[in-house]
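Values in this document were obtained by computation on a predicted structure and should not be read as measured data. Labels below follow one simple rule: chain letters A, B, ... track the order of the sequence lines, proteins then strands, and each chain is numbered from 1.
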Amino acid sequence: MKILICVKQVPEITDVKINPETGTLIREGVDSILNPFCEYAVECGLDLRRHYSDIEIVAISMGPPQARAALMRCLEMGADRAILLADRKFAGSDTWATAFTLAEAIRAMEDDFDIILVGKQAIDGDTAQVGPELAEILGIPQIMYAVGVELTGNKKKIRVKREIETGNEIVEVKLPGLVSLSKGPMIRSVSSFKEILDARKKELRVITASDLNIDENVFGLKGSFTQVVKIFPPRVKKKGEVIDGSEAGGAAEKLVGFLRERNFI
Amino acid sequence: MLKIDIKKCTGCKICEKVCPFGAIVIVDKIAQMQDNCTLCGACVNTCPEVALSIERRKVSEKELMLFSGIFIWGEYEEKDEGLIPKKVVKELLSQGRKLADRLDQALAVVVLGDGRLTGLETLIANGADRVIRCKHKLLGRYTADSFTNVISAVISKEKPSIFLFGATPNGRELAPRVAARLHLGLTADCTGLDINEKGEMVQTRPAFGGNIMASIVSPYTRPQMATVRPNVFSFGELDNSRKGEIQDFYVVLSPASIRTKVVAIEKLRDEREVSIEDADIIVSAGRGCKKKENLKLIRELAEELGGVMAGSRSIVELDWIPHTRQVGQSGLTVGPQLYIAVGISGAIQHLVGMSSAKTIIAINKDPDAPIFKVADLGIVGDAIEILPVLIKELKKSQSPCSNS
């Protein structure tokens, strides 16, 4: 059985700022990490393998050469091998072009997959669109916002617990299928020395546009349906009043006054 | 166009059954496409032999002009055994009305459901010119497969210029599925929608956790698709004098096209109680509340003010409250009149989920907590000491004996 995990490298977003003069992102000095929701997807794959040993786990990412670090993290966590889709021609991809490129690579190289696991969303773009778009392009069903996955029906099906607006839902689907993870176990933030050494022995293949053997106009910015026309800093709200509340009685009195003034009581 | 691989086709008739337009017939055990195929793609996913595929090409500028109409997915939710429109539908209709007037096009709302669909006239009073009703017994409960099929069919037949979805959990998984099927540009989680001088929809959204805003267009594809964050756009009073049409869209759906099967549901929120997305007053707890028992103070304050309790991601992860009450980037976006953040430091991921609240009060021990940057009133202090006094004061001021 083969599980593919599609992951993304992201900046630690709290540090990203915009240059007010040029309107471009200031990326210097910002650390890159494996997207936390993708870590949940990797953990989910590893958990399935703990229960059923004959599972191969392949991590796939599209990104610049530096995204290798995110795939190394997947290998350190326990993925068996990794594929990086890195090519200048892929640059500027929107969610459609990203999903399309991933789908082409999967069709060309890993078409015999059973499950695709993805994170619910990446913390930089937050679109949550690549997962469903990938599922649709590959023609497989999707189960989003999963918190737990198990194999059933003689490993021909999965049973997924997923979050819905009023609670949880248990859903079954025949494989192949795609699952997005919205939660997982607490993850160790640092890999051990042994894990790092083991990961170095594993295969990490780099694939370029020419390896996929299709018309290059479908990739990257050219293949994207959406175009960013402007980026700008968000409007900053006027700062309100901040008072010392070390004395509970005074603070409560101030709060009651404020609530009354604004007609909440 | 639709390509049928006759070597792979076994004549199983599944595609014939799932085609919403009756555009595939099986002749001599081979599928054949008819002239009325709209390329909606419902058949492609259901073919067990992978014999069907669709070749799509980019449309020319002249063809783009043929697309007209602002369409909205009218998402319904279950309440008291019935189906009612979600609040975000009103917000979309209000903003959609402005776009429709700017472009001088009609505003249509597409509703999917079973026999329990109600309130269609209200959608007209909210701004719609057309209500497109898609009624089928398999549409009583949302599934990605069935809703993708029906909405793709509506788009393929009606050819709107814009299609908007609420960025709700279902909207956020449905819109990309439809966009990928029809090869359309899609922008997620928009907080601003406008029309530029070329008549294109300019979609503005936050990225990098709200640190940056981006404006995006889809120049080559129609309809231009976007999901829109709930509780961002306001809506006005109902206008019952508005005229509109309710039209039925003929739905073809077979159980074979729904691949996921729900085996159990665990309810964590009573559907009769107000969801945090719809609440006017929210008292929200963070890790600064120290222990689960202290949440009773939060609940009590919420009750006293006639509001509901919510919380940050960290206390959901501690299992103090269910995810149905989580505010923030990975939870829900709220937009109440009043938001009281208790012991919440205000990580950017939290702020993006609540910063459209009209009035924000923050109570936190740390004077440098980022929540104070967005608060109208900030109290630097220990909430667990302040809240009991506050609740007592509120009870006093609201009791009938008081003179206030």
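Across E247(A), K174(A), K183(A), R262(A), the residue that shares the most heavy-atom pairs under 4.5 angstrom with chain B is R262(A). Between chain B and the residues G125(A), S182(A), P132(A), the most heavy-atom pairs under 4.5 angstrom are made by P132(A). Heavy-atom pairs under 4.5 Å with chain B peak, among I243(A), V228(A), L134(A), at I243(A). Among V147(A), L259(A), L138(A), the residue with the largest count of heavy-atom pairs under 4.5 Å with chain B is L259(A). Among the candidates V44(B), L184(B), L332(B), D145(B), the residue making the largest number of heavy-atom pairs closer than 4.5 Å to chain A is L184(B). Per-residue counts of heavy-atom pairs under 4.5 Å with chain A were compared for I265(B), V217(B), T148(B), L390(B); the largest is that of V217(B). Of the listed residues P388(B), A144(B), P219(B), A362(B), the one with more heavy-atom pairs under 4.5 angstrom with chain A than any other is P219(B). Among P176(B), G381(B), G41(B), the residue making the largest number of heavy-atom pairs under 4.5 Å with chain A is P176(B). Ranking Q227(A), E241(A), K254(A), E253(A) against chain B, the residue ahead of the rest is Q227(A), based on heavy-atom pairs under 4.5 Å. In terms of non-hydrogen atom pairs under 4.5 Å with chain A, the most contact-rich of G307(B), C47(B), G185(B), S215(B) is S215(B). With chain B as partner, the option from I140(A), V160(A), I137(A), V130(A) having the largest number of non-hydrogen pairs under 4.5 angstrom is I140(A).
The minimum heavy-atom distance linking R259(B) with V173(A) is given by the pair O-CG2, 3.5 Å. Listed here is the closest heavy atom pair of M213(B) and P234(A): CG-CA, 3.7 Å. When all heavy atoms are compared, the tightest approach of V389(B) to A248(A) is CG2-CB, 4.0 Å. Nearest heavy-atom pair across G245(A) and I386(B) is O-CD1, 3.6 Å. Across T324(B) and T166(A), no two heavy atoms sit closer than the pair CG2-C, 3.6 Å. Nearest heavy atoms, T187(B) versus Q129(A): C-OE1, 3.7 Å.
Only the side chain of K120(A) comes within less than 4.5 Å of a heavy atom of chain B; its backbone N, CA, C and O stay farther away. Neither the backbone nor the side chain of E304(B) comes within less than 4.5 Å of any heavy atom of chain A. Using a 4.5 Å cut-off between heavy atoms, S246(A) contacts chain B through its backbone alone, with no side-chain atom that close. Neither the backbone nor the side chain of D94(A) comes within contact range of chain B; no heavy atom of the residue lies under 4.5 Å from a heavy atom of that chain. Contacts between S275(B) and chain A at a heavy-atom distance below 4.5 Å are absent for every atom of the residue. Contact annotation for K161(A): only side-chain heavy atoms (C-beta onward) come within less than 4.5 Å of a heavy atom of chain B. For a residue to count as touching a neighbouring chain, one of its non-hydrogen atoms must lie under 4.5 Å from one of that chain's; by this rule I363(B) touches chain A with the side chain only. Contact of P322(B) with chain A is not made at all, since no heavy-atom distance falls under 4.5 Å. Neither the backbone nor the side chain of R325(B) comes within contact range of chain A, judged by heavy atoms closer than 4.5 Å. For V263(B), the parts lying near chain A are the backbone and the side chain together; criterion is any non-hydrogen pair under 4.5 Å. Residue I143(A) touches chain B through its side chain alone, counting heavy-atom pairs closer than 4.5 Å. Residue contact with chain A, scored on non-hydrogen atoms closer than 4.5 Å, involves the backbone and the side chain of A264(B) alike. Q142(A) touches chain B through backbone and side chain together, each having a heavy atom under 4.5 Å away.
The backbone N or O of G167(A) sits less than 3.5 Å from a side-chain atom of H323(B), completing a donor-acceptor pair. Side-chain atoms of E173(B) do not come within 3.5 Å of backbone N or O of A128(A) as any donor-acceptor pair.
Atoms CE and OG1, on M144(A) and T260(B) in that order, are 12.0 Å from each other to the nearest 0.5 Å. Here the CG atom belonging to L186(B) is positioned 8.5 Å from the OG1 atom belonging to T226(A), to the nearest 0.5 angstrom. Interatomic distance, CD of E169(A) versus OH of Y142(B), reported as 10.5 Å (0.5 Å rounding). Atom CD1 in I379(B) sits 9.0 Å away from atom CG in D244(A) (nearest 0.5 Å). Separation of atoms CD1 (I361(B)) and CZ (F264(A)) is listed at 7.5 Å; rounding is to 0.5 Å. Between the CD atom of E163(A) and the CG atom of L268(B) there is a distance of 9.0 Å, given to the nearest 0.5 Å.
Residue pairs meeting the ring-ring contact (aromatic ring centres under 6.0 Å, His included) criterion with at least one partner in residues 100-138 of chain A, sequence neighbours excluded, are W96(A)-F100(A).
Looking at I212(B) and F232(A), their side chains never come closer than 4.5 Å, going by heavy atoms from C-beta outward. Side-chain contact between V229(A) and N196(B) is absent, with no heavy-atom pair separated by less than 4.5 Å. Counting heavy atoms from C-beta outward, T127(A) and D189(B) have side chains that stay 4.5 Å or more apart. Using a 4.5 Å heavy-atom threshold, the side chains of I170(A) and V262(B) count as separate.
Ion pair R181(B)/E133(A) not flagged as a salt bridge, since none of the NZ, NE, NH1 or NH2 atoms sits closer than 4.0 Å to an Asp/Glu carboxylate oxygen. With respect to the salt-bridge test (charged N to carboxylate O, under 4.0 angstrom), the residues E165(A) and K86(B) qualify.
A side-chain donor from one of R172(B) and Q121(A) sits under 3.5 Å from a side-chain acceptor of the other.
No more than 12 heavy atoms of other residues, nucleotides or ligands lie within 6.0 Å of NZ in K261(B), so this atom counts as exposed by the packing criterion.
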